[in-house]
> 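Submitted below is the structure of interest, expressed as structure tokens.
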Amino acid sequence: MDKRSLEHLARRFREAELRTEILRQELAAAIREADADGVPQKDMCEATGYTRQQVRRIVKASADGDL
């Protein structure tokens, strides 16, 4: 592995981290929207793979203004 290849891989990794953060925020917004629409928490957990506690934290963060 040469320096140039390593830099390329590191750059791709940083770009993936950024895309992941954007998608995480979009998913959190979708969870809050689903909650507002009355989607049962059980269904949100099944759809996302998140635990009930994770879903509650995301919804609560919106209510507390901790976006």
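The structure presented is a predicted model; accordingly, all values stated were derived computationally and were not measured. Every heavy atom of this structure was used, including side-chain atoms; hydrogens, water molecules and symmetry mates were not.
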> Just verifying a value: how many Å separate Leu23 CG and Leu18 CG, rounded to the nearest 0.5 Å?
9.5 Å
> Compare all side-chain heavy atoms of Lys42 with those of Arg52 and state whether any distance is below 4.5 angstrom.
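Sidechains of Arg52 and Lys42: in contact.
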> Could you pull out the closest heavy-atom pair between Met44 and Val39, with the gap in Å?
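Closest approach of Met44 to Val39, heavy atoms only: CE-O, 3.2 Å.
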> Does any donor atom in the side chain of Gln53 or Arg56 lie under 3.5 Å from an acceptor atom in the other side chain?
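A pair is found: one side chain offers a donor N or O, the other an acceptor, under 3.5 Å apart.
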> Mind checking the OG1-CD1 spacing from Thr48 to Ile31? Nearest 0.5 Å is all I need.
5.0 Å
> Are more than 12 heavy atoms, taken from residues, nucleotides or ligands other than Gln25, located less than 6.0 Å from that residue's CD atom?
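Check passes, neighbour count above 12.
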> So that I can tick it off, tell me whether Glu7 and Arg4 are bridged by a salt bridge, with the cut-off set at under 4.0 angstrom between side-chain N and carboxylate O.
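Judged by the 4.0 Å cut-off on N to carboxylate O distance, Arg4 and Glu7 do not form a salt bridge.
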> Does any part of the side chain of Asp35, heavy atoms only, come nearer than 4.5 Å to the side chain of Arg32, both counted from C-beta?
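Arg32 does not reach Asp35 side chain to side chain.
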> If you define the side chain from C-beta out and look only at heavy atoms, does anything of Cys45 sit under 4.5 Å from Gln41?
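Cys45 vs Gln41: side chains touch.
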> Less than 3.5 Å apart, any donor N or O on the side chain of Thr51 or Gln54 sitting next to an acceptor on the other?
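A donor-acceptor contact under 3.5 Å links the two side chains.
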> First locate atom CE of Met1, then atom NE2 of His8, and finally report the distance between them rounded to the nearest 0.5 Å.
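Atom-to-atom, Met1:CE and His8:NE2 are 10.0 Å apart.
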> I need the Glu17 CD to Arg19 CZ distance, nearest 0.5 Å.
10.5 Å
